[in-house]
Protein chains: 2
Amino acid sequence: MVDARLDQFDRKILSLLQADGRLTNNDLSERVNLSPSQCSRRRQRLEDDGFIRGYRAVLDRDRLGFPLVNVISVTLATHNRDNAQRFADLLARLPEVQEAHALTGEMDYILKVVTPDLKSLADFVNGVLLPHEAVQHVKTAIVLQTLKETQALPL
Amino acid sequence: MVDARLDQFDRKILSLLQADGRLTNNDLSERVNLSPSQCSRRRQRLEDDGFIRGYRAVLDRDRLGFPLVNVISVTLATHNRDNAQRFADLLARLPEVQEAHALTGEMDYILKVVTPDLKSLADFVNGVLLPHEAVQHVKTAIVLQTLKETQALPL
DNA sequence: ACTGAAACTTCTGACGT
DNA sequence: ACGTCAGAAGTTTCAGT
């Protein structure tokens with residue numbers, strides 16, 4: 001399940017940090033029964049080895065003006081390599097696109113997009129997505145309620 | 001677009017922290033042209049006022065044994081309040097469910113689920129989701145490639 | 001591999017502008 | 001509202017076990 005190079009202390013540290021990325025080495029030391037210096041060294045190693053990809057502040061979408069979450073299914077016109085690459089380049093440049101995944105099945109994409117309002121959503125779909133040469137078909141669904149939203153792994 | 005109570009300094013601080021949640025107030029002070037103490041005060045206020053919901057370490061899914069991402073569409077059997085509540089309670093308890101959104105349209109849910117392998121996915125769908133009384137229909141898609149994955153807001 | 005102490009960095013509250 | 005400064009807190013390196 002989990003990498004054999006990690007012992008129970010490492011897993012505990014990762015688990016604590018994905019719940020609170022600002023925990024100090026002193027905080028960690030109290031909860032994993034290790035000295036602060038040891039927590040510091042282990043954390044450093046977990047970062048260097050790439051188990052920890054980074055630290056992020058999670059902001060409040062509603063309070064910052066992006067109350068609308070949208071799930072958009074996109075079908076590409078033809079599935080040649082160039083089209084897919086141009087589409088990927090487009091998505092990378094669009095900050096309102098939080099997630100973009102290529103799916104099995106009908107070989108299309110699913111996007112998670114945040115917008116301030118319906119007009120911005122319409123502008124995005126009609127002004128950015130649909131005009132792109134690679135895009136054939138778009139289906140938009142609006143999120144009524146988000147029950148859960150985390151990136152935490154079930155360690 | 002963005003809350004009027006926030007000036008350019010606040011927005012810059014939020015923007016920097018959602019890119020790197022471990023930035024010190026000294027780091028911030030260099031990039032926003034404010035003293036460290038002032039950055040500390042503003043950050044404290046942004047946390048207290050709920051603009052910053054928290055800080056998280058982002059872990060590497062692949063290296064930690066969850067290479068499979070799955071997008072699962074769920075239709076509930078009947079749409080009474082009890083069924084929806086029981087389903088929500090179930091999702092809250094399942095750590096492999098990273099996201100759960102109720103959508104417009106056919107009034108169903110979309111889940112983002114991470115698993116170590118296909119067997120775990122099958123166990124989850126057939127052993128947890130389908131047996132639940134509220135669940136009528138499930139459609140599973142596997143993510144072939146993730147082009148983008150962030151929670152950053154386009155401030 | 002771990003602890004503990006020492007040197008260094010960062011944080012934060014008091015004060016003055 | 002902001003900057004400066006100093007005491008407190010946290011981090012990290014290093015010697016010792």
Side-chain angles (χ1 to χ4, degrees), chain A residues 1-60 62-66 150-153 155, chain B residues 1-60 62-65 150-155:
Chain A
M1 184 82 66
V2 162
D3 199 296
R5 280 169 293 180
L6 301 178
D7 63 15
Q8 54 161 343
F9 295 113
D10 292 320
R11 282 194 285 272
K12 190 76 185 288
I13 289 172
L14 290 173
S15 182
L16 290 167
L17 285 175
Q18 73 176 348
D20 182 355
R22 278 265 170 181
L23 286 176
T24 69
N25 291 321
N26 285 329
D27 296 332
L28 291 174
S29 77
E30 289 173 9
R31 303 181 204 203
V32 301
N33 278 348
L34 240 60
S35 66
S37 58
Q38 200 59 16
C39 290
S40 172
R41 293 183 58 193
R42 280 172 179 268
R43 188 146 64 98
Q44 189 70 54
R45 187 173 60 73
L46 291 167
E47 291 171 6
D48 293 346
D49 290 354
F51 294 104
I52 298 175
R53 296 175 58 96
Y55 300 88
R56 314 267 179 264
V58 179
L59 308 185
D60 190 298
D62 292 343
R63 295 186 71 103
L64 287 165
F66 299 90
T150 177
Q151 287 194 13
L153 299 176
L155 296 184
Chain B
M1 184 83 65
V2 163
D3 199 296
R5 281 169 292 180
L6 302 178
D7 63 14
Q8 53 162 347
F9 294 114
D10 292 320
R11 281 194 284 273
K12 190 75 185 290
I13 288 172
L14 290 173
S15 182
L16 290 166
L17 285 176
Q18 73 176 348
D20 182 354
R22 279 264 171 182
L23 286 175
T24 68
N25 292 320
N26 284 328
D27 296 333
L28 290 174
S29 77
E30 290 174 8
R31 303 182 202 203
V32 301
N33 278 349
L34 237 60
S35 67
S37 61
Q38 200 60 14
C39 290
S40 173
R41 271 191 286 254
R42 279 172 180 267
R43 187 144 65 103
Q44 189 69 54
R45 187 174 59 74
L46 291 167
E47 290 172 7
D48 293 346
D49 291 354
F51 294 104
I52 298 175
R53 296 175 59 94
Y55 299 88
R56 313 268 179 264
V58 179
L59 308 185
D60 190 299
D62 292 343
R63 295 187 71 104
L64 287 164
T150 176
Q151 287 193 15
L153 299 175
L155 295 184

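Both backbone and side-chain heavy atoms feed into the values below; hydrogens, waters and symmetry mates do not.
Between A:Leu23 and A:Ile13, the closest side-chain pair of non-hydrogen atoms is not below 4.5 Å. A heavy-atom distance below 4.5 Å is found between the side chains of B:Leu34 and B:Arg42. Side-chain contact check for A:Arg43 versus A:Phe51: every heavy-atom pair is 4.5 Å or farther apart.
A distance-only check finds a donor-acceptor pair linking the side chain of B:Arg56 to the backbone of A:Ala19 [under 3.5 Å]. Using a distance-only test at 3.5 Å, with no hydrogens or angles considered, no donor-acceptor pair links the side chain of A:Gln18 to the main chain of B:Leu59. In this structure, B:Lys12 contributes its side chain and B:Arg31 its backbone to a donor-acceptor pair below 3.5 Å.
Here chain A contacts DNA chain D (any atom closer than 4.0 Å to a heavy atom, that is under 4.0 Å), and the contacts span D:dG10 to D:dT13 from 5' to 3'.
Atom CZ in B:Arg53 sits 14.5 Å away from atom CG in B:Leu46 (nearest 0.5 Å).
Following rounding to the nearest Å, A:Gln8 (CD) and C:dC2 (C1') show an atom-to-atom distance of 14 Å.
B:Arg42 comes within 4.0 angstrom of the backbone, heavy atoms only, and of no base.
Residues passing the side-chain hydrogen bond (donor to acceptor under 3.5 Å, both in side chains) test with B:Asp49, sequence neighbours excluded: none.
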Enumerate the protein-to-nucleotides 10-13 of chain C contacts in which both atoms are nitrogen or oxygen and the separation is below 3.5 Å.
from   : atom 1 : to      : atom 2 : distance (Å)
C:dT10 : OP2    : B:Asn26 : ND2    : 3.4
C:dC11 : OP1    : B:Asn25 : N      : 3.4
C:dC11 : OP2    : B:Asn25 : N      : 2.8
C:dT12 : OP2    : B:Ser40 : OG     : 3.2

